[in-house]
There are 2 protein chains.
Amino acid sequence: MTDGVAERSRPRDRILETAQDMFHKHGIKGVGVDAITEAAGTNKMTLYRHFESKDELVVECLRATAAKASRMWDEFEAQHPGDKLAQLHAWVRKASELLSADSRGCDMANAAVELTETDHPARRVIKELKEAQREKLVALCHDAGIGQAELLADTLSLLLEGARVSMQSVGAEGPSAQFVRMAESLIASFRAR
Amino acid sequence: MTDGVAERSRPRDRILETAQDMFHKHGIKGVGVDAITEAAGTNKMTLYRHFESKDELVVECLRATAAKASRMWDEFEAQHPGDKLAQLHAWVRKASELLSADSRGCDMANAAVELTETDHPARRVIKELKEAQREKLVALCHDAGIGQAELLADTLSLLLEGARVSMQSVGAEGPSAQFVRMAESLIASFRAR
DNA sequence: TCTGGAAGTTACAGACCGGTAACACCCTAG
DNA sequence: CTAGGGTGTTACCGGTCTGTAACTTCCAGA
């Protein structure tokens, strides 16, 4: 009954996975450590033996989700080896799939909105991870033979970020519904230069 | 000393104004009613005589900020009477000004991120107000003589929404720095059809 | 079989949260 | 001058929050 997450894994892993899920669904300030440990089938003491504070748990969760997102790049390379342009289109397709499958947007962006304390430990890693993602997309655009790679990458980033937050305020039938169309015609117009 | 907001206005107005400011800066769940009333130079009882709950206060704050944003449209019309295309460019310029002046983004979008409870009274008004804003921008694009007015308006919306949330995670030097450039070349390419 | 460390349990501290009751005050309209 | 409504003050309620202490239980490895 207490088995929300696979029972036969280490408590630390269960806590991390459960916390990721609950922070994602309900927000960081919307979930207490008691609720996390209960859903993970463990207890508060065990959580504080593995994470020195809730803030540090948040940081670990963000790193974990970023690592998962980072693995998608490997899939693109595996699906279209060497074909960077195809990988860029795969990126667009994947982004729209994730938009359709989940309406709570990006954990890092959401965390940045929630955690307004300027010295919160999560803010630093959010910036780092987002910058790393940006560099990857810039490189992909560049290797795909696009001239203004940075500008295209940044525009696509803003479109996706906007789509994810727009879904949360106006829903999936709002402007975000046109994301693929916007992204594809953007890529086309950049390639035409 | 307790005079954060003009002392010689009605308590209700001071509370509303102070709450807007504090919710904007620190988030909704990051601010308690005690802190609001203290900053407004009044007390909790007075707050609860004018607003039936914190949630309702949040709703009123969102309506107030939306009303303020709505007034900007009148400025555009006053500055460029009848010239809808010039008003559209004024919209872009104003948006970028606000981006530079404030890094905490859109109150409604931020609230949608924070308030994950699906039945929260604010969610309804966020959707209504965002839809109203969308219709205004679509109408402006349409009246400016742009063919695919909805698509341009939605794309501009996502870009702006993305810029506002991107600033909060990666800062002002990130992708959002290129917002004006992106928006202007988008408008140009839509006009060229 | 024994032992040591990881995990679970219970209870608690101290702070903060949203919200309310009872009462004193002050200022203005009549 | 007086009545009454808006406001301020104090104290409180029940609940939740992060984080800790002290203790017990369990289990794997030697």
Side-chain angles (χ1 to χ4, degrees), chain A residues 1-20 22-23 25-62 111 114-117 119-123, chain B residues 1-20 22-23 25-62 111 114-117 119-123:
Chain A
M1 194 58 62
T2 61
D3 188 2
V5 182
E7 191 60 57
R8 276 300 148 209
S9 55
R10 290 197 193 79
R12 187 182 196 281
D13 297 335
R14 274 180 286 151
I15 290 170
L16 204 53
E17 195 174 338
T18 308
Q20 270 183 264
M22 296 184 75
F23 286 151
K25 285 181 186 153
H26 311 297
I28 292 168
K29 299 201 177 172
V31 176
V33 291
D34 289 295
I36 293 171
T37 55
E38 188 187 335
T42 178
N43 55 77
K44 198 155 47 166
M45 273 312 304
T46 300
L47 186 152
Y48 279 103
R49 283 188 194 110
H50 289 289
F51 306 94
E52 63 178 29
S53 68
K54 181 187 179 183
D55 287 349
E56 286 304 319
L57 173 61
V58 169
V59 167
E60 290 304 309
C61 285
L62 292 176
E114 264 195 288
L115 307 175
T116 61
E117 308 92 335
D119 60 341
H120 194 291
R123 297 201 70 84
Chain B
M1 195 59 63
T2 62
D3 188 3
V5 182
E7 191 62 56
R8 275 301 147 209
S9 54
R10 289 196 193 79
R12 187 183 197 279
D13 298 335
R14 274 180 285 150
I15 290 170
L16 203 53
E17 195 175 338
T18 307
Q20 271 182 262
M22 296 184 75
F23 286 151
K25 284 182 186 153
H26 308 97
I28 292 167
K29 300 199 177 174
V31 177
V33 291
D34 290 294
I36 294 171
T37 55
E38 188 187 337
T42 178
N43 55 74
K44 200 153 48 165
M45 274 312 303
T46 301
L47 186 152
Y48 280 102
R49 284 185 193 114
H50 290 289
F51 305 94
E52 63 178 29
S53 67
K54 183 186 178 183
D55 286 350
E56 287 303 319
L57 173 61
V58 169
V59 167
E60 290 304 310
C61 286
L62 292 176
E114 264 195 287
L115 307 175
T116 62
E117 308 93 335
D119 60 340
H120 194 291
R123 297 202 69 84

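Here is how names work: the chains are called A, B, and so on, in the same order as the sequence lines, proteins then strands, and each is numbered from 1. What you are looking at is a predicted structure, and each value in this text was computed from that prediction instead of being measured.
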I need the [atom1]-[atom2] distance between [X] and [N], as an integer number of Å.
| X | N | atom1 | atom2 | value |
| --- | --- | --- | --- | --- |
| A:K44 | D:dA21 | NZ | C1' | 12 Å |
| B:N43 | D:dG8 | CG | P | 5 Å |
| B:R10 | D:dG6 | CZ | C1' | 11 Å |
| A:F51 | D:dT18 | CZ | P | 15 Å |
| B:D34 | D:dT9 | CG | P | 14 Å |
| B:Y48 | D:dG8 | OH | P | 16 Å |
| A:K29 | D:dC17 | NZ | C1' | 12 Å |
| A:M45 | D:dC23 | CE | C1' | 11 Å |

On DNA chain C, check which nucleotide each of A:T42 and B:G32 is closest to and give me the residue with the more 5' one.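 Comparing both residues, the 5'-ward one is A:T42.
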
Would you name the heavy atoms of [X] and [Y] that are closest together and state the gap between them?
| X | Y | value |
| --- | --- | --- |
| A:E114 | A:K29 | OE2-N, 3.0 Å |
| B:E60 | B:L16 | CB-CD1, 3.8 Å |
| B:L47 | B:I15 | CA-CD1, 3.6 Å |

Handout entry: 5' to 3' contact window, DNA chain C with chain A (heavy-atom distance under 4.0 Å)
Key =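 Going 5' to 3' along DNA chain C, contacts run C:dA7 to C:dT9.
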
With distance as the sole criterion, do the side chain of B:R49 and the base of D:dG8 form a donor-acceptor contact below 3.5 Å?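 Donor-acceptor pair under 3.5 Å: yes.
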
| query | Is a side-chain N or O of A:T46 found less than 3.5 angstrom from the main chain of A:T42, in a donor-acceptor match? | reply |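 No: the side chain of A:T46 does not pair with the backbone of A:T42.
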
- Query: Under 4.0 Å: is that the gap between some side-chain N or O of B:H50 and OP1 or OP2 of D:dT7?
  - Reply: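 For D:dT7, OP1/OP2 do have a side-chain N/O of B:H50 under 4.0 Å.
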
